[in-house]
2 protein chains.
Amino acid sequence: MPEFSSQPPTSVTLSGHGKTEDRAKIFAALSDPTRLQIVEMLVTQTEMSGSDIANQLGISLSLFCHHSKTLAEAGVLQIRREGQTKYHSLNLALLAECFASFKIG
Amino acid sequence: MPEFSSQPPTSVTLSGHGKTEDRAKIFAALSDPTRLQIVEMLVTQTEMSGSDIANQLGISLSLFCHHSKTLAEAGVLQIRREGQTKYHSLNLALLAECFASFKIG
DNA sequence: ATTTTAGTTAAACAGTTGTTTAACTATTCT
DNA sequence: AGAATAGTTAAACAACTGTTTAACTAAAAT
């Protein structure tokens, strides 16, 4: 099945329309063990560079970059640039909003 | 990459070890739009037969069965049998536990 | 100026996934 | 018994995914 949509997240919330597909995309971003490890690191370390994440995880920077794209496209990852270094942090508000749909109904 | 593990969930919680891979599997179960719709239906309708879910979603029973296997294997779906009918409900405790890892750290 | 460091990008490959179709079992209804 | 209902299973197929490797850009350090 063809995939059309892959715009980077301009608005960082999914409330309002709160589409099922957007939520599915967030869950898909969390569905890979390597990516979930990245996210779990950022829960405790709050902000990290790509190299630090790759080193601490024992993966190549190339592989991290690949995965970070998926996380960023889902809106899970926020990126701040400083010189040649990019600092990554979680969009906790989006995650909270995504998970909130399951509390009661 | 080969996949070895696919045991049905004997113990329904993931606390104790609470492995990243188990959580990744739960997120993978929620990562498909069709499966997420199934789950979202069960948030409000609490318990439904496979046929009812398939009908309400406009998918074949065969496709539902396929997806329900993925959800059940992740531990997300609980199944109760009554005659020829199978009633499906969510394992909300597991979902809550899975999402809890993101609150603070 | 040249060498690290930090990050991106693309090709290639095996493995997996979602969907359709069709054949099948077991239970319920008439 | 025969037909309908509820569910499972397997094959087939295209599309997608995760990983490795290698070539690349841009900023920082020497």
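The structure presented is a predicted model; accordingly, all values stated were derived computationally and were not measured. Residue numbers start from 1 in every chain, and the chains themselves are labelled A, B, ... in the order their sequence lines are given, proteins ahead of strands. Side-chain atoms are counted along with the backbone in the values below, which use heavy atoms only and exclude waters and symmetry mates.
For residues 32-51 of chain B, no pair satisfies ring-ring contact (aromatic ring centres under 6.0 Å, His included), with sequence neighbours left out. Identified under the salt bridge (charged side-chain N to carboxylate O under 4.0 Å, His left out) test for residues 27-53 of chain A, with sequence neighbours left out: A:E40-B:R23, A:E47-A:R80. Judged as a salt bridge (charged side-chain N to carboxylate O under 4.0 Å, His left out), not a single pair has a partner in residues 53-66 of chain B (not counting sequence neighbours). Evaluation of the ring-ring contact (aromatic ring centres under 6.0 Å, His included) test over residues 28-47 of chain A, restricted to residues two or more places apart or in two chains, returns none.
With sequence neighbours excluded, the residues satisfying side-chain contact (heavy atoms from CB on, under 4.5 Å) with B:A24 are A:P33, A:L36. Applying the ring-ring contact (aromatic ring centres under 6.0 Å, His included) rule to B:F64 yields the partners B:H88; only residues at least two apart in sequence or on another chain are considered. By the side-chain contact (heavy atoms from CB on, under 4.5 Å) test, A:Q84 pairs with no residue at all, sequence neighbours left out. With sequence neighbours excluded, no residue forms a side-chain contact (heavy atoms from CB on, under 4.5 Å) with A:T46.
When every heavy atom of B:T34 is checked against every heavy atom of B:H67, the shortest pair comes out as CG2-CD2, 3.8 Å. Here the shortest heavy-atom pairing between B:L95 and A:F102 reads CD1-CD2, 4.2 Å.
One atom, CG of B:D52, and another, P of D:dT5, lie 13 Å apart when rounded to the nearest Å. Between the C1' atom of C:dA6 and the CZ atom of A:R80 lies a distance of 15 Å, rounded to the nearest Å. Taking atom CG of A:L77 as the reference point, atom C1' of C:dG7 lies 14 Å away to the nearest angstrom. Rounded to a whole Å, the CG atom of B:L71 is 13 Å from the P atom of D:dT8.
Between D:dA6 and B:R81, no contact under 4.0 Å exists linking OP1 or OP2 to a side-chain N or O.
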Check: protein-nucleotides 1-5 of chain C nitrogen or oxygen pairs below 3.5 Å:
unit_1	atom_1	unit_2	atom_2	d
C:dT5	O2	A:Q84	NE2	2.5

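With hydrophobic clusters built from ILVMFWY side chains whose heavy atoms lie under 4.5 angstrom apart, B:Y87 does not share a cluster with B:L57.
Using a 4.0 Å cut-off on heavy atoms, the residues of residues 56-70 of chain A that approach DNA chain D are A:S62, A:L63, A:H66, A:H67, listed by number. Annotation: proximity of residues 27-38 of chain A to DNA chain C (heavy atom, distance under 4.0 Å) is found for no residue.
Taking the nucleotide of DNA chain D with the nearest heavy atom to each of B:K86 and A:E82, the more 5' of the two is matched to B:K86.
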